[in-house]
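In this text the structure is predicted, and so the values were computed from the model without any measurement. Note: hydrogens, waters and symmetry copies are ignored here, and every other heavy atom, side chains too, is used.
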Amino acid sequence: MAEQARGLLGVHLTGHGVTIQLTEVEAYAGPDDPASHAYTRTARSEIMYGPPGRLYVYRIHGHHCANVVVRGSGPAAAVLLRAGEVVDGVELARARRGAARSTPVPDDRLASGPGNLCRALGITMADLGTDLTDPATPVTLDTCRRGPLPELPVTAGPRVGVRRAADLSWRFFFDGHPTVSGYRRHPRAGG
DNA sequence: CCTCCGATGTGCT
DNA sequence: GCACATCGGAGGC
């Protein structure tokens, strides 16, 4: 499912009136990936065992994170949407990110990091289960209409902040792109 | 019911 | 680089 993740780079994602071009994603396998929520099959992770193309939203540390359920080599694979460049609705994105903040957020940082991405796109738990292939929904993935790709190499590296399986290079991003969030290793990362 | 802790973000040293 | 805010999921009792 690394290939599914790579394939999302450069794709346009629209959320509640804001469109971004994805610049950074992370692949998560299913029950065999200890870093995935699908590692334990519960009510929360159940959506990843369903059909691909749906939105999996979860909360962590008071933030939202968004994933696309994909068809991987095994069941329950998903791709975490980590960063993107705003290509439409920048005013709305600024307003969402600027709320409850003293200094304005630079445009490059509006959708940088999974929590910030969701905030800029207005994605909340209410969007859980959205069919991203349906243009009528407030959150859509434009796999056909991908904009011009950044002239930057696609690089793979370890996933950010995961404790388990911390050395798998399943994070993909346009190397050097200003929207890409920095790498941080989990303090107690094992293998 | 209670405890632990994380696929985070921000600010400060 | 480090601390900490913050809150629901998951599992133990």
* Asked: Can the positive tip of A:R171 be found less than 6.0 Å from the middle of the six-membered ring of A:Y183, inside 45° of the ring normal?
  ->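 Not satisfied by the 6.0 Å and 45° rule.
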
All N/O contacts under 3.5 Å from nucleotides 6-12 of chain B to the protein, with atom names and distances to one decimal?
unit_1 : atom_1 : unit_2 : atom_2 : d
B:dG6  : OP1    : A:R163 : NE     : 3.2
B:dG6  : OP1    : A:R188 : NH2    : 3.2
B:dG6  : OP2    : A:R188 : NH2    : 2.8
B:dA7  : O4'    : A:Y28  : OH     : 3.3
B:dA7  : N9     : A:Y58  : OH     : 3.3
B:dA7  : N7     : A:A35  : O      : 3.0
B:dA7  : N6     : A:H37  : N      : 3.3
B:dA7  : N1     : A:N67  : OD1    : 2.5
B:dA7  : N3     : A:Y58  : OH     : 2.7
B:dT8  : O2     : A:H63  : NE2    : 3.4
B:dG9  : OP1    : A:P114 : N      : 3.3
B:dG9  : OP1    : A:G115 : N      : 2.7
B:dG9  : OP1    : A:N116 : N      : 3.1
B:dG9  : O4'    : A:H63  : NE2    : 3.4
B:dT10 : OP1    : A:R97  : NH1    : 3.4
B:dT10 : OP1    : A:R101 : NH1    : 3.3
B:dT10 : OP1    : A:R101 : NH2    : 2.9
B:dT10 : OP2    : A:N116 : ND2    : 3.4

* Asked: Hey, what do you get for OG1 (A:T137) to CG (A:L132), rounding to the nearest 0.5 Å?
  ->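 Going from the OG1 atom of A:T137 to the CG atom of A:L132 covers 6.5 Å.
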
* Out of curiosity, A:R97 CZ to A:L121 CG, how far, rounded to the nearest 0.5 Å? ->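 A:R97 atom CZ to A:L121 atom CG measures 11.0 Å (nearest 0.5 Å).
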
* To do: Compute whether any side-chain donor of one residue and acceptor of the other, for A:D127 and A:H16, lie under 3.5 angstrom apart.
  =>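 A pair is found: one side chain offers a donor N or O, the other an acceptor, under 3.5 Å apart.
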
Whole angstrom is fine here: how far is it from [atom1] in [X] over to [atom2] in [N]?
X      : N     : atom1 : atom2 : value
A:E46  : C:dG9 : CD    : C1'   : 15 Å
A:I47  : C:dG9 : CD1   : C1'   : 16 Å
A:M125 : C:dC7 : CE    : C1'   : 12 Å

Run the side-chain donor-acceptor check on residues 174-181 of chain A: report pairs under 3.5 Å with partners two or more places apart or on a different chain.
unit_1 : atom_1 : unit_2 : atom_2 : d
A:D175 : OD2    : A:T155 : OG1    : 3.2
A:H177 : ND1    : A:T179 : N      : 3.2
A:H177 : ND1    : A:T179 : OG1    : 2.8
A:H177 : NE2    : A:E85  : OE1    : 3.3
A:T179 : OG1    : A:T23  : OG1    : 2.7
A:S181 : OG     : A:E24  : OE1    : 2.9
A:S181 : OG     : A:E24  : OE2    : 3.0
A:S181 : OG     : A:R82  : NH2    : 3.4

* Asked: Which part of the nucleic acid, if any, lies within reach of A:R44 when heavy atoms closer than 4.0 Å are counted: base, sugar-phosphate only, or nothing?
  ->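 Sugar-phosphate, no base atom in range.
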
* Please test A:V11 against A:L141 for side chain to side chain contact (heavy atoms under 4.5 Å, CB included), starting from the C-alpha separation and ending with a verdict. => CA-CA 7 Å; A:V11 165; A:L141 200 55; 3.8 Å; yes

* Does B:dA7 have a Watson-Crick or wobble partner in any strand here, with both distances under 3.5 angstrom, and which is it? ->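 Pairing partner, where one exists within any strand: none, as none qualifies.
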
